[in-house]
Colleague: 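Could you have a look at this structure, given as structure tokens, before my questions?
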Amino acid sequence: MSDATPQLLPTGQSRIEHMEMRGIVKRFPGVLACNSINFDVRAGEVHALLGENGAGKSTLMKILYGLYHANEGEVFLDGQRVSIHSPSDAIAHGIGMIHQHFMLVPSLTVAENVALGQRSAREPLLDLNAVSKRIRLLADTYGLRVDPSQPVWQLAVGERQRVEIVKALYRGAALLILDEPTAVLTPQEVNDLFKTFHQMVKDGHALIFISHKLHEVLAISDRITVLRDGCVVGSTPTREATKKSLAQMMVGREVILQYDQPPVDAGAVRLKVENLHAQSDRGTAALRGVNLELCAGEILGLAGVSGNGQRELSEVIFGLRPATQGKVELEGQPITGASPAHLNKLGLSYIPEERMVDGVIKDFTVAENLMLQDHARPPYAFNIFVNPRAVAHHCAELIRNFNIRTPNQETPLKSLSGGNIQKLILARELARTPRVLIAAQPTRGVDIGATEYIHQRLLEQRTKGTATLLISEDLDEILALADRIAVIYEGEIVGIVDRAAASIEELGLMMAGVRRESTAS
Amino acid sequence: MIEDLLTASVIASGIRLAMPYLYAAIGETFGQRSGVLNLGVEGVMLLGAYSSFWGVYQLTPDKATSFDPMALAAGVLVAVLVGLLMGLATAFINVTLQAEQGISGIGIYLFGLGMSTLLFQKNFSQVVTVKGFPKIHFPVLSDIPLIGEIFFRQNLLVYGAFALIPLAWFVLHKTTFGLRLRAVGQNPEAADSMGISVTRVRYMAVIIGGVLASVAGASMSIGHLNVFQQNLTDGRGFIAVALVYFGSWRPYGVMYGALLFSLVTALQIKAVTIGIGIPSELLSMTPYLLTIIALIFASRRIDQPAALTRPFERGE
Ligand SMILES: Nc1ncnc2c1ncn2[C@@H]1O[C@H](COP(=O)(O)OP(=O)(O)O)[C@@H](O)[C@H]1O
Ligand SMILES: [Mg+2]
């Protein structure tokens, strides 16, 4: 295993032939995030780490990168035991990490981001020219188009992802941890990224690829290890794995990958959005003339890479953000600028994207959160008094009907899991059978079990005639549920297609801004 | 009437009045760019003003008729040391103990106010003056009409204050330390994951801020007024904090703000002395009113440190 002359990577760094983590244990207050995990990766391979949200993937990798310290366990590099106390130790050992959330400083340029924390040849002065030169070199070697002089806040997500990779390579990473690097990319961008990964592996890098998307893991990896609740549940060469077997390992039981959808005749137009314009928090144009029609009994999927105006659109419809131009109509009535309370009464329900911020009050109890909207209306209130019995009865019913796992109604909301919090919001919003439902990222960060449940509920609502706008970055989710698919790009709808006629490639192109001429309506 | 008001001597005095704001606000810019808001500038200024005054008073020979360079140098040094200690304390409170920065700053201010008053009353029974930094007369240059009086008859500390502006810009934008500092104020998590010690960078920035605040105080007590009295700085430290926002966290922006504010102050003082028929109480409000109005409109916030007042802690 030990060559006489150590092989070098094209970046001039020596390879990490074998990295091994043994018996890693990590406890957080009340959670055993890693329970005696063994994991390894070799130069020239992609080892995928698969698992549901909360399985412990990021925690395990943050331990390898020195951000967290393990309670027990050891890390070996090429047979040598190493102790990694901080990211600078990891970097010194040739380990790089691309984080699940971008670790870039938006106000700095690409070159400044890359140079950050590195010694400069002209210390204490910066030498950004030399940095830019090396960035171009790396970019050429690995097909990563980046402009060193551009400020990061001007870059699209795909470009930011490339900057992250350049940053790691610049630091001489021989082993690269990729924590859900595809989460925010279009399918085409994912393809380009995979090409880069293939090139890196061929050159002798070791890659750890984290995801919960089965098809990506199957497409890119050589080996797959599945984590569940902090334990390794299985490890297999990729060629012996199937989607079904992996899903089963991840969840611990059979899962439904396809739903039956009875055809529902689309009814009258419930929600109409016309030439809607709005600004983002930064004051830039977030919506630039959005037109949409949403009919009774249909689910309209709104696909797009995050940050293209989805959040602003849902907020304007629900009265949380002013429109600068254009109008919204609910069953023929103009509702532009109406208050959320009024819209609620008219039968509009909203499942917000940031559920912990906009959907619930963390320190309130389950019952209080369920009653946020209706607590002042009969039969739950008479005059200024709350009717505790009516409230308790109603909450008990919702908890039962929506299968919310909670010790009791008085439990503080924050002790519930993500999936159960989302079910609670769903219960509150669906209890009145809304005329129109805006569901923004309803299953993000939710485990597969709860996702399945939420999907069934949305379909059930569709049968009851609710008009649903399903905003999601997950194309698989949209393809599984929507009747029609609209794609949003930089605040405009670039096209609307029927689900039956939609292909992933075409949707991917639209998500990157390529306009589609003919539209189904 | 405007000719009576806008004379060379008024502009020269405006430039002199800008001096303490420049030191204090540039120091505060460093702190804020790293993500730490220090509202205690005023308190540190008072301590710097007192301690340097005390140093110069003690060290100037008894019967000296003119200034003593050694005593002045020692005075500045004392202020630097006091600023260092106060900066260290501020960093400990805000970075290590992660105090609520709006509140801890008020605490530091009150400490500085109380301590400087106490020491002054204990060591001086009445108001005395010292021989402070003298004006430098540049040969030839200082005799140019207008320009000479405005630019070439100021003292060393005034020149120092203006030299600080390009220096601060250079440090922030052209050095590795400056890059680390800006990164830590914008996205400490990213900086941390790149192996930078967020704590160390913030300590450095806050200590620089402390030293400059203390020198700002000294610039008043031994570089301009040449006296010390209770609450000598009279709110200038708070104005300095406002100037950082006004200048959008940029050294040159801070300088323009400080100049605008001080020139209006100088004009207002002149207007009161020559009497233009507006009650002086109203006139004396103008610099502050102007600051508030300017703050409302100055909202280019690209460089606003996104992590301002947010303590950093790794999840572990
Ligand atoms: N800093 C932290 N403090 C407390 N609990 C944490 C922390 N980071 C992660 N956890 C918990 O550890 C578990 C695993 O989380 P994580 O590693 O992020 O999962 P994954 O990346 O697989 O989605 C979760 O239950 C999560 O809530
Ligand atoms: Mg994760």
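Below, chain A is the first sequence line, B the second, and so on; all start at residue 1.
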Colleague: Do you know which of A:V105, A:L116, A:D89 has the most heavy-atom pairs with chain B at a distance under 4.5 angstrom?
Modeller: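 Counting heavy-atom pairs under 4.5 Å, the top option is A:L116.
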
Colleague: By side chain to side chain contact (heavy atoms under 4.5 Å, CB included), which residues pair with B:V80, not counting sequence neighbours?
Modeller: B:V76, B:V211, B:V215

Colleague: Quick check on A:H101 against chain B: is it the side chain, the backbone, both or neither that has a heavy atom closer than 4.5 Å?
Modeller: neither

Colleague: What's the spacing between A:I84 CD1 and A:I95 CD1 if we round to 0.5 Å?
Modeller: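 Going from CD1 on A:I84 over to CD1 on A:I95, the span is 4.0 Å.
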
Colleague: Would you mind listing every salt bridge (Lys or Arg N to Asp or Glu O under 4.0 Å) that reaches into residues 150-165 of chain A, with sequence neighbours excluded?
Modeller: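 Listed once each, the pairs are A:E164-A:K167.
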
Colleague: Does any heavy atom of chain B fall under 4.5 Å from the side chain of A:R122, the backbone, both, or neither of them?
Modeller: neither

Colleague: Checking the side chain of A:E123 only, and the main-chain atoms of A:S120 only, is there a donor and an acceptor separated by less than 3.5 Å?
Modeller: yes

Colleague: Let me know if A:L125 has heavy atoms under 4.5 Å from chain B in its side chain, its backbone, both or neither.
Modeller: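 Both parts, backbone and side chain.
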
Colleague: Within the structure provided, determine whether A:M97 and A:L176 are in side-chain contact (heavy-atom separation under 4.5 Å).
Modeller: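 Sidechains of A:L176 and A:M97: no contact.
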
Colleague: Report, by ascending residue number, the residues of residues 156-183 of chain B in heavy-atom contact with chain A at a distance under 4.5 Å; give 'none' if the set is empty.
Modeller: B:F170, B:H173, B:K174, B:T175, B:T176, B:L179, B:R180, B:R182, B:A183

Colleague: Please state whether the side chain, the backbone, both or neither of A:A168 comes within less than 4.5 Å of a heavy atom of chain B.
Modeller: neither

Colleague: Please enumerate all residues that pass ring pair (Phe, Tyr, Trp, His ring centres under 6.0 Å) together with A:F209, with sequence neighbours excluded.
Modeller: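 A:F194.
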
Colleague: Are the ring centres of A:H205 and A:F197 closer than 6.0 Å?
Modeller: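 Centroid separation for A:H205 and A:F197: 6.0 Å or greater.
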
Colleague: Does a side-chain N-to-carboxylate-O contact under 4.0 Å join A:E353 and A:R444?
Modeller: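 Result for this pair is yes, salt bridge flagged.
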
